[in-house]
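Shown next, in structure tokens, is the structure this report addresses.
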Amino acid sequence: NYETTISNGMKYSQQIDPTDIGFTKHYYLHEGDQKLMDQTVHYRTYTFDEAKSLLGAYGFEYVPERDAHQLFLQFKKVK
């Protein structure tokens, strides 16, 4: 969970709740005691094998890491 005061003095916060299939993230913006905005996003997470299987069903294949400092995984279209 996270809260910070942004440049205009409003408070921005997040709350993360785990679920059976991922997590739910709640976003809030307050000005004093008044809530100006809230948003909720439900995230679904997958194991790496599940992700490879899902992407494979659409013709993508995993390209193994070539660089130990690589920040992103790469898949290429093969079908």
Side-chain angles (χ1 to χ4, degrees):
N1 297 339
Y2 174 77
E3 181 179 290
T4 189
T5 301
I6 59 176
S7 61
N8 62 4
M10 293 180 186
K11 290 231 187 256
Y12 168 79
S13 60
Q14 301 177 6
Q15 177 181 327
I16 300 173
D17 299 320
T19 67
D20 291 341
I21 60 169
F23 59 95
T24 300
K25 197 167 185 181
H26 307 276
Y27 302 89
Y28 304 97
L29 186 63
H30 284 86
E31 185 170 35
D33 292 336
Q34 182 182 8
K35 180 171 64 173
L36 302 176
M37 182 277 303
D38 65 59
Q39 176 181 357
T40 299
V41 180
H42 302 278
Y43 291 90
R44 169 71 163 96
T45 57
Y46 300 90
T47 66
F48 188 58
D49 285 337
E50 289 172 325
K52 287 194 303 186
S53 178
L54 285 167
L55 289 166
Y58 293 93
F60 289 91
E61 182 178 276
Y62 173 61
V63 178
E65 295 179 40
R66 293 178 296 247
D67 178 355
H69 302 290
Q70 187 172 334
L71 298 176
F72 299 95
L73 299 178
Q74 181 178 346
F75 288 80
K76 67 178 180 180
K77 184 80 168 167
V78 293
K79 294 179 192 173

Rounding to 0.5 Å, atoms NE2 (H30) and OG1 (T5) come to a distance of 12.5 Å
Discussion item. Does atom CG (D20) have a neighbourhood of more than 12 heavy atoms from anything else shown, all under 6.0 Å?
Written reply: no
Practice item. Tell me whether L54 is reachable from I21 by hopping between hydrophobic residues (I, L, V, M, F, W, Y) whose side-chain heavy atoms are closer than 4.5 Å. Key: no
Heavy-atom nearest pair, N1 first then I16, reads OD1-N, 3.0 Å
Between Q74 and R66, the two heavy atoms sitting closest are OE1-NH2, 3.4 Å
Taking the side chain as every heavy atom from C-beta outward, state whether L36 and M10 have any pair of such atoms under 4.5 Å apart. yes
- Evaluate whether atom NZ of K76 has more than 12 neighbouring non-hydrogen atoms of other residues, nucleotides or ligands under 6.0 angstrom away. no
Can you label the angle between the Y28 ring and the H26 ring as parallel, tilted or perpendicular, going by 30° and 60°?
parallel
Give me the ring orientation class for F48 and Y62: parallel if the planes are under 30° apart, tilted from 30 to 60°, perpendicular past 60°.
perpendicular
### Polar side-chain atom of K25 near backbone of Q39 as donor-acceptor pair, under 3.5 Å
no
One should read off an interatomic distance between K52 NZ and E61 CD, to the nearest 0.5 angstrom, of 10.0 Å
In short, E3 meets K11 closest at the heavy-atom pair OE2-CD, 3.3 Å
In short, I6 meets Y12 closest at the heavy-atom pair CG2-CB, 3.9 Å
Q. So, the side chain of Q34 versus the backbone of E31: is there a donor-acceptor pair under 3.5 Å, distance only?
A. no
(message) If you count heavy atoms of other groups shown closer than 6.0 angstrom to CG of N8, is the number above 12?
(response) yes
Are V78 and F75 linked, directly or through intermediate hydrophobic residues, by side-chain heavy-atom contacts shorter than 4.5 Å (ILVMFWY only)? no
Here the gap from L73 atom CG to E65 atom CD, rounded to the nearest 0.5 Å, amounts to 6.5 Å
